[in-house]
Structure formats: structure tokens, C-alpha cells
Amino acid sequence: MADFNLSSYHSEPFMLVGIPGLEQFHVWIGIPFCVIYIVAVVGNGILLYLIAVERSLHEPMFFFLSMLAMTDLILSTTTVPKTLSIFWLGAQEITFPGCLTQIFFLHCSFVLDSAILMAMAYDRYVAICSPLRYTTILTPKTIIKITMGISFRSFCIILPVMFLLTRLPFCRTHIIPHTYCEHIGVARLACADISINIWYGFCVPIMTVISDVILIAISYTLILCAVFRLPSKDARQKALGTCGSHVCVILMFYTPAFFSILAHRFGHNVSRTFHITFANLYVIIPPALNPVVYGVKTKQIRVKIMLLCSTKCIE
């Protein structure tokens, strides 16, 4: 009887083919990908710099915003450099440990992004519905607890995925029709039953994200009720303005994310080329647009950016 072990299952590297059907356009597709990635890195870097050095931005809302910026950098950096190496250098090979690392940071940053948006919604709820108690509710100690809680939750949700993948034997094809490794796409290459992977990979993250969406929706329903009870029109506009950027970011994050998840599970009629292209846009567009949206919609950040630019011009 042949004696197999896990190391023999995972000894061969995987091959990432890029975007199926568009291989001849990979070089040209890589150009906008690279530009958008640079915008994401520079934009989120400036955001983190401003929040770190400006004492006026040392508030809970901007602390959560800095967490979102760091998570967005992890999300895009986990996938885009490898994607560009496939497009421009033909570096399609990726080891099994490298694939697992990419899967962990990709999915963990997605779940953490969702939790941060939920924390930011709670921050806006407290700021608008209980402004006099804002500093007593969201104390530094509370912020640390929230940060540790959502980070630990994301880690615990994604860690079982690593064990579910390492138990699988990959004795058939090692070709992944994608630009990066993701849980279900890799699991489908296994020559074993993957029903646990499919149901865990779909149900647990999606239920976690749906619970975040429900809590965000409740927060904003209460916020809107409180806003429309304000006597002053200027006060209502100011309150809605502070939430506008957050709502834009929420829509940019959840809309493509849910489409990608549902298309992967149920979209058998969706072309693979469209699905893979959309999945790539999902990991680079929100990280690039988030700092732009907050820079335009948030007065404190907009003023600091203009001040920073004017200072550099004078120098």
C-alpha cells in the first residue's frame, strides 16, 4: 500500500495563470493595476502620516480610519505585487506555504475591514446620538478593547481555513485560474471531499459580514432618526456630512465584496473572465478610493492635506 504524507501532497508549487481569456492583454492590464496600487499606497500612507503627526486628529474616528488604511494596504499588497509579476514577468509559480500566506492575509484583512467599518459606525452613532457622553464612552481603554476584539475575531475566523486547506491532498492539477490564491479556488483543486471547506468558507465569513452589515444599518437608522430631530438645518447638514464619507466607503467595500462571494458560490453562469477581473478590482479599487473619499469629505483631513501641500510648495 502506498504511504502518502502531507508533505508529498504539498511539495509541488501552484501555477497562477492570471485572468483566463485575457492572457494576451496582461501587459496592458497591468498598467492601470499598477497606477491604482500606487494611488492606494500613497493615499493611505499620507492618511496614516497625517493621523500620526497631527494631534487634532488623535480622536477615535481617526484611529479607526488609520486601522482601515493599514488593513487596506495589507489587502492590496497581499495580491497586487504578485498579480503584476504574473502580468509583466510571467512569474506564475507560487509555493503552497506562499499560497496559504496569501489566503490568510487576504481573507483576514477582508473580515477585519468589515469589523472596522462596524466600529466606525458605532463611533458615529455615539458622536451624534450621545455627543455629551462621547469622551466617557469611547475612552482610550475602550478603543483598545474594541481593536483587540475585532482583530482577534478576524484571526479566529480565518485560522480554521488554514487547517482545512492543509489537510487536503492536491494530487491532480496545480493550475489556479486566478491572479491570486483564495480559499475555495485552491480547495477545488484537491482530490478529496471539500464540502466542509465550501460550507465553512461560505457560511462563516458571510454570516460574520452580514452581522456587521446589520449592526451598521441599525447604527445609521438610529443616527438618521437623531439627525432629523435636530432643530437646526445647519446642524443636520453637518451631522450628515460627517457620515457621508463613511457611507460611501461602506458601499464601495460591501457591494463588490458581496458580488464576488455570491458569484463564486452561485454564479455558475458568470463568465470566469468577468469574475476574476471583478475580484481583482475589488482588492485594489476600495483601498485606492478610501483615502480619496475621506480626504474630500472629511473637513479636518482636507484642511491638513491642503496645509501639507502648501508647506511643501513653499519649501
In this structure, would [X] and [Y] fall into the same cluster of hydrophobic residues linked by side-chain contacts under 4.5 Å?
X: V27; Y: V35; result: no
X: M67; Y: I144; result: no
X: I284; Y: F25; result: yes

- Item | side-chain contact (heavy atoms from CB on, under 4.5 Å) between I250 and M120, worked out | CA-CA 10 Å; I250 287 170; M120 293 175 76; over 6 Å; no
Measuring from atom [atom1] of [X] to atom [atom2] of [Y], what distance do you get when rounded to the nearest 0.5 angstrom?
X: I143; Y: I137; atom1: CD1; atom2: CD1; result: 11.0 Å
X: L75; Y: L112; atom1: CG; atom2: CG; result: 10.5 Å
X: E93; Y: C99; atom1: CD; atom2: SG; result: 12.0 Å
X: H275; Y: T277; atom1: NE2; atom2: OG1; result: 10.0 Å
X: M162; Y: F104; atom1: CE; atom2: CZ; result: 7.0 Å
X: L189; Y: L165; atom1: CG; atom2: CG; result: 10.0 Å

Of all the heavy-atom pairs spanning [X] and [Y], show the shortest one and how long it is.
X: D193; Y: L168; answer: O-CD2, 4.0 Å
X: P81; Y: T77; answer: CD-O, 3.1 Å
X: I176; Y: C181; answer: CD1-SG, 4.0 Å

- Task: Measure the shortest side-chain to side-chain distance between I31 and W88 over non-hydrogen atoms and say whether it is less than 4.5 angstrom.
- Result: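 Contact flag for I31/W88 side chains = yes.
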- Test item: I276 and P177 side chains (from C-beta on) under 4.5 Å apart, heavy atoms: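 No, their side chains stay 4.5 Å or more apart.
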Flag if over 12 foreign heavy atoms under 6.0 Å of [atom1], [X]:
X: F110; atom1: CZ; answer: yes
X: M207; atom1: CE; answer: no
X: Y200; atom1: OH; answer: yes

- Query: Could you walk me through whether T142 and T139 pass the side-chain hydrogen bond (donor to acceptor under 3.5 Å, both in side chains) check?
  - Reply: CA-CA 5 Å; T142 303; T139 61; 2.9 Å; yes
- Message: Show, in sequence, the C-alpha distance, side-chain angles and deciding distance for F96 and T166, and conclude whether the side-chain contact (heavy atoms from CB on, under 4.5 Å) test is met.
- Response: CA-CA 9 Å; F96 182 73; T166 52; 4.0 Å; yes
- Task: Indicate the ring-plane relationship of H178 and Y180, choosing parallel, tilted or perpendicular according to the 30° and 60° boundaries.
- Result: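 Correct class here is tilted.
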- Task: Could you tell me how the ring of Y282 sits relative to the ring of F253: parallel (under 30°), tilted (30 to 60°) or perpendicular (over 60°)?
- Result: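 It falls in the tilted class, 30° to 60°.
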- Item | Residues that H26 engages under ring-ring contact (aromatic ring centres under 6.0 Å, His included), provided they are two or more places apart |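 With sequence neighbours excluded, H26 shows a ring-ring contact (aromatic ring centres under 6.0 Å, His included) to F87, given in chain and number order.
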- Query: Do D123 side-chain atoms and A119 backbone N/O form a donor-acceptor pair below 3.5 Å?
  - Reply: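 Flag not set: sc D123 to bb A119 has no pair under 3.5 Å.
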- Item | side-chain hydrogen bond (donor to acceptor under 3.5 Å, both in side chains) between Y254 and S114, intermediate numbers included | CA-CA 8 Å; Y254 285 114; S114 178; 2.7 Å; yes
- Determine, step by step, whether V186 and E182 satisfy the side-chain contact (heavy atoms from CB on, under 4.5 Å) criterion, reporting the C-alpha distance in whole Å, the side-chain angles of both residues, the deciding distance to 0.1 Å, and the verdict. CA-CA 6 Å; V186 174; E182 54 86 29; over 6 Å; no
- Message: Test: salt bridge (charged side-chain N to carboxylate O under 4.0 Å, His left out). Region: residues 26-41. Which pairs qualify, not counting sequence neighbours?
- Response: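 Checked against salt bridge (charged side-chain N to carboxylate O under 4.0 Å, His left out) - neighbours excluded - no pair reaches residues 26-41.
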